[in-house]
Undergrad: 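Can you keep this structure in mind? I'll have questions shortly.
Note on naming: letters A, B, ... go to the chains in the order of the sequence lines (proteins, then strands), and numbering restarts at 1 for each one.
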Number of protein chains: 2
Amino acid sequence: MNDVTERSRLSSIVEMLKVNTTASIAEIAETFRVSQMTIRRDLQKLVEAGQVIRIPGGARIEYWRGAERTFFERLEKMSHAKSSIGSAASALVRDGESVVLDSGTTTLHVARALRTRRNVVVFTFSLTVLEELTSAEHVRVELTGGVYRPSSHDLIGQAVAKSLSSIYADTVIFGAAAVSFTRGVMVHDPDAQCEMLNAGKRKVLVVDSSKIGTEATYRLCGIEDCDLILTDNGISPETLSRLRQTTQVQVAE
Amino acid sequence: MNDVTERSRLSSIVEMLKVNTTASIAEIAETFRVSQMTIRRDLQKLVEAGQVIRIPGGARIEYWRGAERTFFERLEKMSHAKSSIGSAASALVRDGESVVLDSGTTTLHVARALRTRRNVVVFTFSLTVLEELTSAEHVRVELTGGVYRPSSHDLIGQAVAKSLSSIYADTVIFGAAAVSFTRGVMVHDPDAQCEMLNAGKRKVLVVDSSKIGTEATYRLCGIEDCDLILTDNGISPETLSRLRQTTQVQVAE
DNA sequence: CAAGAAGTTGTTAATAAATAACAAACATTC
DNA sequence: GAATGTTTGTTATTTATTAACAACTTCTTG
């Protein structure tokens, strides 16, 4: 188990933790015949890389590696705006209703806020949303089928579309990369979300104000196709009134 | 946030961690206006209950509660037998082929062994299998749809059957709770696995030797329906020859 | 109701772990 | 081969964890 090499030790530590889940620093140091200080430094690197969790005196493997990391990184950004959007979106859903939830950071905040709901069914192709809701006792999560995509920790492919085609929920809550007045609601990846819009009655777009008035690669739908746009109070009055000419807009505090 | 009550503090701490994911001891102690020592003791209780993970100076919510814990507990048991079965099953799969993988501990070892394969497509309804394979670069995982079931960390419901009905893989690798000579291959929960058997050409049953000759609640299929039974060398010669009268049996070393 | 048992909590002291700072060893680059 | 950067080990310092005890509450029981 002892690599004479220097830096492949890092991956060996990860492999070691994959097997045993946890290991103490003393244990790891002994395995590789190095000082505990070295292991401490290694573990710190692995923590930064999102590969392991530090526990007192040792370390533990981090599941959903990579995914978890970007999840938390991104969750930090704009988090106040997004969490207020999340709460507001959650308030639109009544107990007993069903919701289709998009993959993405803003919708993740919606998932977070939905945890306190009772008797709600959430359809999603995002594993992050699933994780967020597993600890919620009274929320049922139904995952669509699909091919796992590590980069965004969700499912894609025709199986997603197929699964969604047999669903008709009360509300669809989806995010966007940009909202353009001329080109409509835009996303970076058109595959996933397309079918989603037909999977429910009320279509709610959740998007932070910084994205309104910008553009992205693909057009998902028109602004008029959204029954409600939910954004934060960073939106300028002009933009808001212009948006309101087309559809209903709610500003979350 | 400060409960005057004593022990409901425990669940409040969990709630707090569900929101913020992590919290320091000082922070928690201040929130509840108690000493850090009290919080330390609380956290220790929660760690024992599997609700939180202890990190230096604080705590973190345990995701996949229950699932993760029992998963590793069970993984330990029989692990040599099961990992040899896993390697042998993995060897049956050629690079480029597709596999349907059941949920369960034995099949999890198969997943683990499949990580080194290239260009393999794995269909599964087990999130544990997905987790096991997310770090594998050259293995594509396709999840069926379904309702998330926390107890076994997998998906169930008619969506699973529906997803599987549109799949025809090269090999189906499935586990069982018991193999009875009179009643055939038996499981504890008939819902999940039924459709799976029709989702591929070659049907391989992976089962540790201790389960052969026992019985469980539901009959899944007959022994003759398996193209191959893969078990460990704990099987007795009599049982082995008796099984071989019905179908092909491979013993993993 | 008083005595006592069982449980919580806070304080203190002792131990263990984490951090920071520095110096030695090694590899790299120019 | 001198300069630079990286990795590692050692030490001292700070911080966190544990253990032990005393004060207090609560609940039981005679």
Undergrad: Over how many whole Å does the gap from B:Leu43 atom CG to D:dT18 atom C1' extend?
TA: 14 Å

Undergrad: Between A:Ile25 (CD1) and C:dA16 (P), how many Å, whole number?
TA: 15 Å

Undergrad: From C-beta outward on B:Pro56, which listed nucleotide comes closest to its side chain: C:dT9, C:dT19, C:dA18?
TA: C:dA18

Undergrad: Over how many whole Å does the gap from B:Arg33 atom CZ to C:dG10 atom C1' extend?
TA: 17 Å

Undergrad: Rounded to whole Å, please give me the gap between CD in A:Glu30 and P in D:dG9.
TA: 14 Å

Undergrad: D:dT18 C1' sits how many Å from B:Met37 CE, rounded?
TA: 7 Å

Undergrad: For A:Gly57 and B:Val34, find the nucleotide of DNA chain C closest to each by heavy atoms; which residue's nucleotide sits nearer the 5' end?
TA: B:Val34

Undergrad: Within a 6.0 Å radius of atom CD on A:Glu27, are there more than 12 heavy atoms belonging to other residues, nucleotides or ligands?
TA: yes

Undergrad: With DNA chain C as reference, determine whether A:Arg40 or B:Thr38 sits nearer its 5' end, using the nearest nucleotide of each.
TA: B:Thr38

Undergrad: How many whole angstroms separate atom CZ of A:Arg41 from atom C1' of C:dC22?
TA: 11 Å

Undergrad: CD1 of B:Ile55 versus C1' of D:dA16: gap in Å, rounded?
TA: 13 Å

Undergrad: Output the rounded distance in Å from CD1 (B:Ile28) to P (D:dA16).
TA: 13 Å

Undergrad: Are B:Lys82 and B:Asp232 close enough for a salt bridge, meaning some N to O gap below 4.0 Å?
TA: no

Undergrad: For B:Asp95, is there an ion pair with B:Arg117 - N to carboxylate O distance below 4.0 angstrom?
TA: yes

Undergrad: Nearest to the side chain of B:Arg9, heavy atoms from C-beta on, is which of C:dA18, C:dT9, C:dG10?
TA: C:dT9

Undergrad: Answer yes or no: is there an ion pair linking B:Glu48 with B:Lys45, defined by an N-O contact shorter than 4.0 Å?
TA: no

